[in-house]
Amino acid sequence: MIALCFEDSGNHNQMCNVALAVDGRRRLSEGDGEEKEKLTASHFGNVLSMPYGSKRSEELMEMSLSNVATEVHDFLQTATGKDHFLDLIDWVEERRSMPLKAKAFANGEMSMMVSSGQRFQMMDKMDFGWGKVAFGSCHVPSARKDCYVMTLPSPTNNEDWVVYMHMPIKHMNYIEAHASQVFKPLNADYLKI
């Protein structure tokens, strides 16, 4: 959709980067037994890798959705194993005093982080004393310049996702105008509040 937005607005052949947040916590205990998996799962903090891919908007427009998915699957494979995350931890430790930035966001081109909060299914478990939580959201600092998309489970329909998008208004407007068959507004009626 962003590639289409670029092409429709005359920004032909714009570079588009997409990075995916991959949780390494589960992968760090691969093959070490159930006890180690439970111990690793109980640790606080994230172990994330951000593999990414880049394509020009013109290339993306010519590709089918299944071809785009195959390309994403291919670059994602670099960050799916235990060895990758062990190497990543060592690499970060060596550079602990230096600021680190994911490659997808280093050159100032159009970059989008895609993350999943599908495992954050806690809405029905949280009660602050006045009833169960009806809705939770994802915070993205307003100073953040890159685009960010995160999916969370719907609090009212197991078949839906709530999709948070932090991106320029021109991209949001384009998505609302051209993808209304996929995205519906999140409102009080949907949340049943």
Side-chain angles (χ1 to χ4, degrees), residues 1-27 46-85 87-89 91-92 95 99-120 137-154 160-186:
M1 290 305 299
I2 302 301
L4 288 169
C5 179
F6 282 134
E7 291 294 313
D8 284 0
S9 65
N11 291 332
H12 301 291
N13 222 17
Q14 177 81 28
M15 186 60 78
C16 298
N17 300 310
V18 64
L20 300 174
V22 178
D23 182 3
R25 181 187 303 270
R26 175 177 56 85
R27 292 168 174 92
N46 291 320
V47 180
L48 296 176
S49 181
M50 290 184 241
Y52 77 101
S54 299
K55 289 280 183 203
R56 298 221 171 261
S57 57
E58 191 174 65
E59 290 178 88
L60 285 168
M61 285 186 45
E62 295 172 1
M63 295 173 72
S64 68
L65 186 56
S66 65
N67 286 345
V68 172
T70 299
E71 297 259 343
V72 170
H73 183 267
D74 289 347
F75 77 73
L76 188 58
Q77 292 307 304
T78 64
T80 57
K82 180 178 182 176
D83 289 340
H84 168 78
F85 284 95
D87 290 344
L88 180 63
I89 290 169
W91 184 84
V92 169
R95 291 158 180 79
L100 301 175
K101 191 173 200 175
K103 283 183 183 181
F105 306 103
N107 58 16
E109 295 172 338
M110 171 57 189
S111 296
M112 181 177 302
M113 168 62 75
V114 179
S115 187
S116 171
Q118 294 300 312
R119 288 186 284 156
F120 300 148
S137 74
C138 150
H139 171 71
V140 179
S142 59
R144 191 168 174 164
K145 300 296 181 208
D146 61 305
C147 297
Y148 186 79
V149 175
M150 181 173 200
T151 63
L152 286 171
S154 167
D160 292 345
W161 292 352
V162 175
V163 181
Y164 295 94
M165 296 183 199
H166 173 81
M167 59 184 66
I169 194 70
K170 68 180 179 183
H171 298 324
M172 291 298 301
N173 289 340
Y174 190 88
I175 289 170
E176 284 183 13
H178 295 90
S180 60
Q181 75 282 10
V182 176
F183 298 105
K184 305 292 180 211
L186 188 64

### Query
Could you walk me through whether Lys55 and Met15 pass the side chain to side chain contact (heavy atoms under 4.5 Å, CB included) check?
CA-CA 6 Å; Lys55 289 280 183 203; Met15 186 60 78; 5.6 Å; no
### Message
Would His171 and Met1 count as a side chain to side chain contact (heavy atoms under 4.5 Å, CB included) here? Give the steps.
### Response
CA-CA 8 Å; His171 298 324; Met1 290 305 299; over 6 Å; no
### Query
Stepwise, does the side chain to side chain contact (heavy atoms under 4.5 Å, CB included) test hold for Val72 with Leu20?
CA-CA 9 Å; Val72 170; Leu20 300 174; 3.4 Å; yes
### side chain to side chain contact (heavy atoms under 4.5 Å, CB included) evaluation trace for Val114 with Met150
CA-CA 6 Å; Val114 179; Met150 181 173 200; over 6 Å; no
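Here the shortest heavy-atom pairing between Trp161 and Thr151 reads CE3-CG2, 3.4 Å. Between Leu76 and Pro51 the shortest heavy-atom distance is CD1-CG, 4.0 Å. Closest heavy-atom contact between Pro153 and Val162: O-CG2, 4.2 Å. Ser115 and Tyr148 make their closest contact through CB-OH, 3.6 Å (heavy atoms, listed as atom of the first residue, atom of the second, distance). Pairing each heavy atom of Asp23 with each of Leu48, the nearest pair is CA-CD2, 3.9 Å.
Expressed to the nearest 0.5 Å, how far CD1 of Ile175 lies from CD1 of Ile2 amounts to 4.0 Å. If you take OG on Ser57 and CG on Leu4, they are separated by 9.0 Å, rounding to the nearest 0.5 Å. A distance of 9.5 Å separates CG of Leu65 from OG1 of Thr70, quoted to the nearest 0.5 Å. Expressed to the nearest 0.5 Å, how far CG of Asp160 lies from CG of Leu152 amounts to 13.0 Å. The line from CD1 of Ile89 to CG of Asp87 is 9.5 Å long, rounded to the nearest 0.5 Å. One finds the CE atom of Met112 at 4.0 Å from the CE atom of Met167 (value rounded to the nearest 0.5 Å).
Side-chain N or O atoms of Glu59 include one that pairs as donor or acceptor with a backbone N or O of Arg56 at under 3.5 Å. The backbone N or O of Gly81 sits nowhere less than 3.5 Å from a side-chain atom of Arg27 that would complete a donor-acceptor pair.
For Tyr52, the ring pair (Phe, Tyr, Trp, His ring centres under 6.0 Å) test picks out no residue, with sequence neighbours left out. Residues satisfying the ring pair (Phe, Tyr, Trp, His ring centres under 6.0 Å) criterion with His166, sequence neighbours excluded, are absent altogether.
For the residue pair His84 / Ser49, a side-chain donor-acceptor distance below 3.5 Å is found, with atom types taken as modelled. Between the side chains of Ser111 and Asn17, at least one donor-acceptor pair of N or O atoms lies under 3.5 Å.
Put simply, the side chain of Phe6 does not reach to within 4.5 Å of the side chain of Asn13, judged on heavy atoms.
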Would you mind writing out the side-chain donor-acceptor pairs for residues 176-183 within the sub-3.5 Å range, not counting sequence neighbours?
unit_1, atom_1, unit_2, atom_2, d
His178, ND1, Tyr174, O, 3.0

